[in-house]
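As the structure is a computational prediction, the values presented were derived from the model and not from experiment.
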Amino acid sequence: MANPTRWTTDTGPEHSQWYIDRFRRLAAEGADLAGEARLLDALVPPGSRILDAGCGTGRVGAALHARGHTVVGVDADPALVEAARTDHPGPHWLVGDLAELDLAAAGEPEPFGAAVVAGNVMAFVAPGTEPEVLRRIAAHLHPDGVVVVGFGTDRGYPLADFDADAVAAGLRREHRFATWDLRPWRDDADFAVTVLRRPADPTVG
């Protein structure tokens, strides 16, 4: 990776294992960990090909796989990817920096109908790489593909910057909500879920 992610620089050496243990515990307790997946599932046709960008321990991609979608998950943290492979066989889990995303080189040349960027991923990428991350994700979508991005509004990545970066990546905003279960957006919301689309014809609209 050209630049270390904030996941690496802003957390301690035990953070990855703490994160893995946390979600294993929540799963064992029966917590609802599939909210993001339900939203994606509602936006795409059955059997879609979906990119889980910043997949972490694989909870979102696993839920999408269980719903019949073909899932490729990518995360920069090898420990999280190993946990995803152990806990959620089925999707193709890969270690990779989203700012350098090139899935064709990793044996996944087919474009995606959708991408999900959950879990504050955009707040954990390396500083200054946010525009390139969005550009790389958009480049892996087929025309009319959708991207859903969720992150806290107080995590150091202003929404105005995100919106500008999305436009520069060739994506158009369709919706914004305050939660993954589609509660209405408000300007003082502490979380934003944004639905973006790669236009089928970028010259129109």
Requested in this report: Go through Asp77 and His15 one step at a time and tell me if the side chain to side chain contact (heavy atoms under 4.5 Å, CB included) criterion holds.
Outcome: CA-CA 11 Å; Asp77 188 328; His15 184 72; over 6 Å; no

Query - Note, Ile20 side chain near Leu80 side chain (heavy atom, < 4.5 Å) - result: yes

**Report entry** Non-hydrogen atoms of Ala84 and Gly56 that approach each other most closely
**Finding:** CB-O, 4.0 Å

Query raised in the report: Can any side-chain N or O of Arg197 pair as donor or acceptor with the backbone N or O of Asp144 at less than 3.5 Å?
Result: yes

**Report entry** Any Phe124 side-chain heavy atom under 4.5 Å of Arg155 side chain
**Finding:** yes

Query raised in the report: Can you name the ring pair (Phe, Tyr, Trp, His ring centres under 6.0 Å) partners of Phe23, sequence neighbours left out?
Result: Tyr19

Report task. Considering non-hydrogen atoms only, spot the tightest contact between Ala126 and Pro4 and give its length. Result -> CB-O, 3.3 Å

Query - ILVMFWY cluster membership beyond Leu182 - transitive side-chain contacts under 4.5 angstrom - result: Leu39, Leu40, Leu43, Val44, Ile50, Val60, Leu64, Val71, Val116, Val146, Val148, Phe177, Trp180, Phe191, Val193, Val195

Query raised in the report: Do Tyr157 and Leu159 belong together in a cluster built from hydrophobic side chains that touch within less than 4.5 Å?
Result: yes

Query raised in the report: Please, which pairs that meet side chain to side chain donor-acceptor pair (under 3.5 Å) have at least one residue in residues 52-70, sequence neighbours excluded?
Result: Glu36-Arg59, Asp41-His69

Query raised in the report: What residues, two or more places apart in sequence or in another chain, satisfy salt bridge (Lys or Arg N to Asp or Glu O under 4.0 Å) together with Arg183?
Result: Asp181

Requested in this report: Report whether Val95 and Val125 are members of the same hydrophobic cluster (ILVMFWY, side-chain heavy atoms less than 4.5 Å apart, transitive linking).
Outcome: no

Query raised in the report: Looking at Ala63 and Ala34, what are the two nearest heavy atoms and their distance?
Result: CB-CB, 3.9 Å

Query raised in the report: Does one hydrophobic cluster hold both Phe112 and Trp93, with members joined at side-chain heavy-atom distances below 4.5 Å?
Result: no

Query - ILVMFWY network linking Leu94 to Leu51, side-chain heavy atoms under 4.5 angstrom - result: yes

Requested in this report: State whether the side chain of Arg198 and the backbone N or O of Leu141 hold a donor-acceptor pair below 3.5 Å, judged by distance alone.
Outcome: yes

Query - Thr129 side, atom OG1; Leu98 side, atom CG - distance, nearest 0.5 Å - result: 8.5 Å

**Report entry** side chain to side chain donor-acceptor pair (under 3.5 Å) against Asp87, all qualifying residues, sequence neighbours excluded
**Finding:** Arg24

Report task. Please report the shortest heavy-atom distance between Cys55 and Gly73, naming the atom on each side. Result -> SG-C, 3.7 Å

**Report entry** Considering all heavy atoms, the nearest Asp75-Gly54 contact
**Finding:** OD2-C, 3.3 Å

**Report entry** Residue pairs fulfilling side chain to side chain donor-acceptor pair (under 3.5 Å) with at least one residue in residues 106-121, sequence neighbours excluded
**Finding:** Arg49-Glu108, His92-Glu108

Report summary line: Here the pair of heavy atoms bringing Val133 nearest to Met122 is CG1-SD, 3.9 Å

Query raised in the report: Any side-chain heavy atom of Leu134 sitting closer than 4.5 Å to one from Glu130?
Result: no

Query raised in the report: Do any N or O atoms from the side chain of His88 and from the backbone of Gly61 form a donor-acceptor pair under 3.5 angstrom?
Result: no

Query raised in the report: Does a sphere of radius 6.0 Å around CG in Asp187 hold more than 12 heavy atoms from other residues, nucleotides or ligands, not counting ones at 6.0 Å or beyond?
Result: no

**Report entry** hydrophobic_cluster_shared for Val81 and Trp18, side chain cutoff 4.5 Å
**Finding:** no

